[in-house]
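Right, one structure below, let's go through it.
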Amino acid sequence: MDLSTILGIVAAFGLMIMAITSGSGLTLFIDFAALTVVAGGTMGATLVHYPFREVMRAFAVSKKAFFHTEETPTETIEALIRYSNKARKEGILSLQSVVSEIRDPFFVKGVQMAVDGQEPEAMKEMLDREIEYIMERHGEGADIFVAMGTYAPAMGMIGTLIGLVQMLQTMEDPSTIGPAMAMALLTTFYGAVMANVLFIPMSGKLKNRSQSEILKKTLISEGMKSILAGENPRIMEQKLHAFVAPKFRESFFTKKKG
Amino acid sequence: MDLSTILGIVAAFGLMIMAITSGSGLTLFIDFAALTVVAGGTMGATLVHYPFREVMRAFAVSKKAFFHTEETPTETIEALIRYSNKARKEGILSLQSVVSEIRDPFFVKGVQMAVDGQEPEAMKEMLDREIEYIMERHGEGADIFVAMGTYAPAMGMIGTLIGLVQMLQTMEDPSTIGPAMAMALLTTFYGAVMANVLFIPMSGKLKNRSQSEILKKTLISEGMKSILAGENPRIMEQKLHAFVAPKFRESFFTKKKG
Amino acid sequence: MDLSTILGIVAAFGLMIMAITSGSGLTLFIDFAALTVVAGGTMGATLVHYPFREVMRAFAVSKKAFFHTEETPTETIEALIRYSNKARKEGILSLQSVVSEIRDPFFVKGVQMAVDGQEPEAMKEMLDREIEYIMERHGEGADIFVAMGTYAPAMGMIGTLIGLVQMLQTMEDPSTIGPAMAMALLTTFYGAVMANVLFIPMSGKLKNRSQSEILKKTLISEGMKSILAGENPRIMEQKLHAFVAPKFRESFFTKKKG
Amino acid sequence: MDLSTILGIVAAFGLMIMAITSGSGLTLFIDFAALTVVAGGTMGATLVHYPFREVMRAFAVSKKAFFHTEETPTETIEALIRYSNKARKEGILSLQSVVSEIRDPFFVKGVQMAVDGQEPEAMKEMLDREIEYIMERHGEGADIFVAMGTYAPAMGMIGTLIGLVQMLQTMEDPSTIGPAMAMALLTTFYGAVMANVLFIPMSGKLKNRSQSEILKKTLISEGMKSILAGENPRIMEQKLHAFVAPKFRESFFTKKKG
Amino acid sequence: MDLSTILGIVAAFGLMIMAITSGSGLTLFIDFAALTVVAGGTMGATLVHYPFREVMRAFAVSKKAFFHTEETPTETIEALIRYSNKARKEGILSLQSVVSEIRDPFFVKGVQMAVDGQEPEAMKEMLDREIEYIMERHGEGADIFVAMGTYAPAMGMIGTLIGLVQMLQTMEDPSTIGPAMAMALLTTFYGAVMANVLFIPMSGKLKNRSQSEILKKTLISEGMKSILAGENPRIMEQKLHAFVAPKFRESFFTKKKG
């Protein structure tokens, strides 16, 4: 669970609901027709902009903004060192037995390729090409949320214009002007909330998540190549530490001794 | 047919029409004079910005956003492998017989050049220069739609200013103010809809289409060179797989066996 | 004449005038004081931004957006081939006789340098430096129009603010409020029209024109070097065709035969 | 203390308070509910956008905009020259005694590595990697403030929309319209002040501070390498002067003589 | 004197004053409290953004937008040729006598270094580093004006919000609404004028001035190196002409003969 995303959304919506309920009933601000125009219109514009499959994939990827057990790079490095030790002691084929304990399919693929007897360079090349496609896909996902963040306020404004035109055409009874305009403003409100609490911030979080996932996969790619090449685990650790922040550079070997 | 574009436009317009008809008649929102000012003014500004021929070409290219039978790269790769096998068995001239079954003129051109006895390098160079021009032309087309997406709301605002000035000059009868202002807002409404449902999203779709078309043409260029050079079809397949996403990398040879 | 620019401006202004006259007299929208504030203020800000001479040059260059006999690159290439043939048959000095028939001063300069016995490399270097300065000057011209396109709406808003403040201070007679506010909005209207129909689109057209002029001058520079080096006209044609779009690549020699 | 930041904030807020109190009581502009919506909503959107830890770190880093004893580069260069002289006279191990007088932990780390017998190249590489991480962290901090500078006005607008919708629904008593709308505008006011007096300018100051801190750390990294390599202090000074502005290039040796 | 800057400011302000006085007294638009909020708030935000010293330096540099005797590059080139001739005839030390006639301190520094017996390469390196710092300082100055151009309208809006909130809270007497709102709009007016007539255009002019000053200093750096290396003045002139526009390339030697 990404508590920061949950917390942020709960905080932003909670404060808005507080502000609303302190001045009026919440029902004043709930209007399914208005919501449908803004959400549906945003979705429509997004489907004109992007192919259907990519939009669906973006929604699938967006779950990462909410559910994401962040492993520190340390865990990945430690796993790689353990496998390296195992491979050096019991032979590369012994890694077959660890495949079942790994959850990340990318890691599984790397270990499987090693067990299957791939050359280190060929394996690294294939894993790196995979990383490139993951990066591209993540980038597209974040772009789609940015696009939704620009279409949502535009659809909100279009909805308000529809309401305004209707109100202005039927202004005979002045007592209806206020409520009609309130209704008209609701779509602008929905568009602004969707863009600034959901779409734009989530696009940012996805970029962030992508960075940490790419880092982890890069460590796996580098590490598996090192294991397959039979490098000393300490040397491998030093190489991998070059990819991570100083606070994650505590040595596995120092720790074990301690 | 690009269902995503059609679906997006139908959804966005459908929801707007629903929102309109639930509050008033649709006729309130149809005003040909206003539509002419926004659409014509946008067209005028675009013609000052771009040469006539490029604007026409952009409209021609824009059909790709609607009608586009997406071939997966797999189909292109499989066709290339079939031609490669044929050329190796029956000689390069035998490809003359397949020209008639190919629909893509670019592919026809490549095969024809091969049959005509071009050198592999020279043929690839000519096909690649062609790809470059296609990319440039597509890019210009997408740019023109972006420009229209900025001129349309500006023309909408200009139309609204015209209506407001006229309304403000003749405010004697208060009962006409509402309808006059409603009319004035219609151009802003048209400009916002054109920009956010048509021009800007279509510019995005065109960029997307261009990418997949360029990918296909790159596969053809690489593949025909490989065929002309007499390379093994399996090696050619491996090379071509490097250009496509993992899910399109299933081997023709594995499948055939399966 | 660039019909596209003329057509675009006529269309945009024509539709606006139609929209205006269908609702009121055109005189409502003509106010020289307001026009002076917007146009003069835009000019003032532009003169603070750019040196006087560069602003004047931008206006001079802007004529290209209106008057521009577009030669296709084919004409330039054909002329170069004719001169190449002549130079090979009658000697380089024979080109003196063609100088008088060339209208483009850049082309004249190139031919004159060839006749004057310049080395091919030295001549090309001087012509290319000239091309660089032309590019820079054109780029500056387009930038000045972009700047005017941002100052004009700002000046329009400043004019409207002046009118609003004056109106709000003297609101005693309600019947004057409407017309006063109409007047105030006129400057916003002028600023929006100037920016979106003239300045921004013309900046785009100038960039476009610059590209095709630079292409032509590049062909001349490359061609004259080839002529001076005594290259075969067919080889020169092949080299020059690499710079132009496929549709302009029909060979002079094929055509002559045909 | 960074007097410029303090002075700027005091001046901007002071003038606003003056402007407010000259026309009404200050209490009119203090509304904790409104403040909570804008500040809390901005914080919420920021937490959706960035991971919790990074947001906290940005706040920690932001103290640099207020508290920052700016050492001129001259002081750092002079310290390095003193240590260089000491190391040349009394041996590199003698630097152990100066560790306690250095306040910057980065400088301590560099000196400690030198005393511990690291190779010059290896030490410089590790210090430079550290500098890179500091740069990245500072950059992220500045980015987070930029994001808050875009979310704050959006949250202000959302708050105003909530207030407007409530006001428009309950317009029966005209005397309440004014105060209700005044309340509604307060959130827009808060959002604009937060963005334009705090978040955006502080993002700028952080970038500035980062630059001068990175410069200092680069001098230390270059200098310690030079000391470890046993270079002449005068040559080291010349090298380090290449990194600083002319006014900071007065030589330590000239000054000492003077 | 930079007549273009003066003319632009006089024209823009003159037209605004004309527009104001034609509709009301000028005093309506003068309000020191409002001016203080906008100018002071802009200054405050700028001081939070940039260090105090850099802001002061930007104001000092901004004088260049007004007072700037533009020397054409021709004058600089001619001076260099004269010194080159003198150095070749009477020895490099004879340049000591011309130092007093040069006004540009950078030029003085270059000549002095030549007389002091610096190596050509070392001198050029030191002058070029100086040029780099001048470029950076100019760039920062222009950036500060761009920042002021974004803070000024924001402060104007904040001032207007303050005025609106106060007006809306005390709407009992309808006759005061107009004047109160007029006062509130004044800060928006001031912000727009400051940004669009002063700050943004002056930032542009400073960039322009910087370019021509950097060009002159580059000519001096290149020229002094050439003089110190004892190059032929004609060759030096050819080299220097490569840096300037064609119209400034008339040869000193041709002219002298003429």
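Here is how names work: the chains are called A, B, and so on, in the same order as the sequence lines, proteins then strands, and each is numbered from 1.
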Bottom line for E:M157: the part with an atom under 4.5 Å from chain D's heavy atoms is side chain
Shortest non-hydrogen pair, D:N208 vs E:E54, comes out as OD1-OE2, 3.6 Å
For D:P201 and E:A45 the tightest heavy-atom approach is CB-O, 3.5 Å
Okay, D:L206 and chain E: the region with an atom under 4.5 Å from a heavy atom over there is neither
task: Could you tell me whether E:E125 atom CD has more than 12 heavy atoms of other residues or ligands within 6.0 Å of it?
output: no
Between E:G44 and D:A11, the two heavy atoms sitting closest are CA-CB, 4.5 Å
dist D:F189:CZ -> E:I158:CD1 (nearest 0.5 Å) comes out at 6.5 Å
The interface call for D:F29 against chain E, heavy-atom contacts under 4.5 Å, is side chain
Cut-off 4.5 Å, heavy atoms of chain D, and the answer for E:E130 is side chain
Hits for side-chain hydrogen bond (donor to acceptor under 3.5 Å, both in side chains) against D:Q169, two or more places apart or cross-chain, chain-then-number order -> none
By side-chain hydrogen bond (donor to acceptor under 3.5 Å, both in side chains), E:S226 pairs with (sequence neighbours left out) E:E231
**OP:** Indicate yes or no: at least one non-hydrogen side-chain atom of D:P179 is less than 4.5 angstrom from one of E:L168.
**Re:** no
Closest non-hydrogen contact found for E:L47 with D:L7 is CD1-CD2, 3.9 Å
Given the options E:T160, E:I162, E:L161, D:L185 meets side-chain contact (heavy atoms from CB on, under 4.5 Å) only with E:L161
Distance-only, no hydrogens or angles: does the D:K205 side chain make a donor-acceptor pair with backbone N or O of E:H49 under 3.5 Å?
-> no
Item to complete: Could you tell me whether the side chain of D:S4 and the main chain of E:Y50 form a donor-acceptor pair under 3.5 Å?
Response: yes
Review point. More than 12 non-hydrogen atoms from neighbouring residues, nucleotides or ligands closer than 6.0 Å to CZ on E:F52, yes or no?
Key: no
- Message: Quick one, E:V165 and D:M183 - any side-chain contact, counting heavy atoms below 4.5 Å?
- Response: no
If one checks every heavy atom of E:M155 against chain D at 4.5 Å, the contacting part turns out to be side chain
Cut-off 4.5 Å, heavy atoms of chain E, and the answer for D:N196 is both
When the 4.5 angstrom heavy-atom criterion is applied to E:Y151 and chain D, the contacting part is side chain
Applying a strict 4.5 Å limit to non-hydrogen atoms, the region of E:E132 in contact with chain D is neither
Among E:V48, E:T42, E:V55, E:T150, the residue with the most heavy-atom pairs under 4.5 Å to chain D is E:V48
